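Before any comments, here is the structure.
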Amino acid sequence: MSQTGQLFETRVVPVLVPLPAERPYSYAVPDGMEVAPGSIVQVPLGPRQVAGVVWDGATDRVDARKLRPITRVFDCPPLDATMRRFVDWVADYTLSPPGLVVRMALRAPAAFDPEAWIEGIEATGALPDRMTGARERVLAAASEAPAWSRSGLAHAAGVTPSVVDGLIRQGSFRGVRLPPPPAVAAPDKGYGRAELNADQRAGADALSETVAKGGFSTTLLEGVTGSGKTEVYFEAVARALDAGRQVLILLPEIALTQSFIDRFHARFGAPPAEWHSDVAPRQREKIWRQVAEGRVKVVAGARSALFLPFQNLGLIVVDEEHDPAYKQEERTFYHARDMAVVRGSIGKFPVILASATPSVETRVNAAAGRYGHVRLAGRFAEAAMPDLSLIDMRAAPPPRGRFVSPVLGKAIAETIQRGEQALLFLNRRGYAPLTLCRVCGHRFQCPDCSTWLVDHRLRGQLQCHHCGFAVPRPEACPECGTLDHLVACGPGVERIAEEMLTDFPEARTILLSSDLPGGARRLRRELDAIADGEADIVIGTQLVAKGHHFPMMTLVGAIDADLGLANGDPRAAERTFQLLHQVTGRAGRSGGRSSRGLIQTFQPEHPVMQAIASGDATRFYEREIAERERSGLPPFGRLASVIVSANTRKEAEEHARALRRAAAEDGDIEGLGPAEAPVAVLRGRHRFRLLVHATRRSPIQAFLRAMVAAAPRPRGSVQVQIDVDPQSFL
DNA sequence: AGCACGCCGACT
DNA sequence: GTCGGCGTGCTC
């Protein structure tokens, strides 16, 4: 310790910086600088300056020569204690460095400095020397509000800005500084209260009471599509706003369409602030800042909105809580629904999980009494319930090479004749799942995986859906060289679209698939267009199942409905049930109009098909939970995977083996399952997934920590990430 | 995550 | 002889 160090006590604080550091770094606080835990600061890090957060707890003992001073404190509301605890909790639970978690909360670099004030003008009351018609209009328009922007006033008065300039010179207006305009208008909790039926009223009252009571709780809001879940939880939102709290509504990214925003707007007189990947950077920063200042009251966002720096969060609603899109499977692996519950628990406020088809783990939590359970019995209008039936494809097959059965084809014809819409759902991208040579029988297979290559005609490629391998569609068989004798086997959405174009050439047909060009933005636009009636036949993969409002959709057909039941995934039945239930729920949402759901299946006797046809979700869940118990699989929790990724398959494989060996040699590491998902390629990196399950003795994180610690340190491009399955948080 | 340092292949 | 590939290691 140097003499100056002894004479002038240097204050040292921990600062969490947004990089994969296991713990906060230590920084010196310059004389006269005020910082406290939560302060957002700028610190030197190597050659650059980064934003970090002053953290809690003791600082690392660090070499005085390394210690560098904080550059500045941003004029920005600090991250509050609950947010800091939340970051630490998520880091611990997901076994990721806290620095990477805090990074998710700091993703709005320009938002740490206050927004600039706007140059505006206000009327002085002085009249100009010479009055003109244009000047009169400007003065009249100006009286509508205390202050204006120069161009805004000109626009409102219907004159050019030079008229306003003239009035400024005449002294009728003076310059004034205006606070930055709000990102969104304030919601009005009493604006467009919906008419609720008795059932919905009871549900809304129960949720509102939970909100009014305050404190942490989790409630499952369960009700079929069209039962008015949204309107019901809007009442809880209104109650939280009434108490002066902020509200977060989480939605799967794809469900954040204009129609949701419109419904919110109709209820609260203003749209919510939107937070998803399509929001422009400037707007993102504005929203981040105003959320931190408590000026934005309601955010509707995708999973990343969970890390927004709310000042006064009082309610989180997780809509479509079963949706797999809530699980982030890159960088920091987390499940937004579960982390929402954790955030509620730390912040001591209620969380509402809404779904027509809850995940099994949420059902189990509700059944065990850990979560409250509010059920909405029926639809708004009972008549709007779709009439569901199974089509036995063994009894009534379509002609060879076709996949839409005559029964469904007839229903489509009738539907579009009436000017209504038909939706065909098939959960398989591309044109055909298998291509073979009619001469020698050669099947096109992925060189790295044991899977067929899927024919994608729109892209002119054969693709492996497992690892991303792709080749141009060949014309000749690579085995026997014969030209033009390759044949596509089985259906994909592209092929169904082709069938529809052949059968209904005059109909407006839209194909929706995640691999079509244009990305999320275009998809949202197309979905809104469909809702506006700009299509007759819609063919789509699972993305059409996700919470859209299609009032004209009176027929839903599921092609190959039992597709998902074949693979060995322990959640196959649950996923298939959820998908089919959601997709058939798209039908019959406009009251009065009769609607149908036709499900093509090769195994109509399967319990999932029976449950779908009967519309009895409860029976399905009870059976599924019992089934999992019988098979020894926990209904949820105590499961995890270790994901090893590397630039080459060999590297990834080698590290996966090392982890396996470490687990085998260390007696304390139990529960490394035999399963190992085949390698997948994601953005050029080869990934291995090892399944891990814990025994009853300790939380699964302990196994994972021990296993990763015992294995050799990753070398080269190798990276290890952990994905912990949903558990109970109470 | 950046960014610099460092050690092996094709070029102004 | 250098420019530059990305493997390795560090950042208070």
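Below, chains carry the letters A, B, ... as their sequence lines are ordered, and counting in each starts from 1. This is a predicted model, so every value here is computed, not measured.
A:C446 places none of its side-chain heavy atoms less than 4.5 Å from the side chain of A:W452. Looking only at side-chain heavy atoms (C-beta outward), A:L306 and A:L248 come within less than 4.5 Å of each other.
For the segment residues 43-55 of chain A, the set of residues with a heavy atom within less than 4.0 Å of an atom of DNA chain C comprises A:P44, A:L45, A:G46, in numerical order.
Out of C:dC12, C:dG9, B:dA1, the shortest distance to the side chain of A:R68 is found at C:dC12.
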Using the side-chain hydrogen bond (donor to acceptor under 3.5 Å, both in side chains) rule, take A:H456 and A:D515 through it: C-alpha gap first, then chi angles, then the decisive distance, then the call. CA-CA 10 Å; A:H456 283 252; A:D515 58 338; 3.0 Å; yes

Full working for side-chain hydrogen bond (donor to acceptor under 3.5 Å, both in side chains) between A:S359 and A:E321: CA-CA 7 Å; A:S359 58; A:E321 72 77 39; 3.3 Å; yes

A:E654 vs A:R649, salt bridge (charged side-chain N to carboxylate O under 4.0 Å, His left out): CA-CA, chis, key distance, verdict: CA-CA 9 Å; A:E654 266 166 24; A:R649 182 187 172 122; over 6 Å; no

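Summarising the geometry, the separation between CD on A:Q42 and P on C:dT11 is reported as 20 Å, rounded to the nearest angstrom. Atoms CG (A:N647) and C1' (C:dG5) sit 14 Å apart, rounded to a whole Å. Rounded to whole Å, atom C1' of C:dC12 lies 8 Å from atom CG of A:D60. For A:E651 and C:dC6, the CD to P distance is 14 Å, given to the nearest whole Å. A:E22 places its CD atom 15 Å from the C1' atom of C:dC10, with the value rounded to the nearest Å. A:D63 has its CG atom 14 Å from the C1' atom of C:dT11, to the nearest Å. Separating the CG atom of A:L106 from the P atom of B:dG2 is a distance of 13 Å, rounded to the nearest angstrom. Regarding A:R107, its CZ atom lies at a distance of 10 Å from the P atom of B:dG2, rounded to whole Å.
Judged as a side-chain hydrogen bond (donor to acceptor under 3.5 Å, both in side chains), the pairs with a partner in residues 298-313 of chain A (not counting sequence neighbours) are, in order, A:R245-A:N312, A:W275-A:S304.
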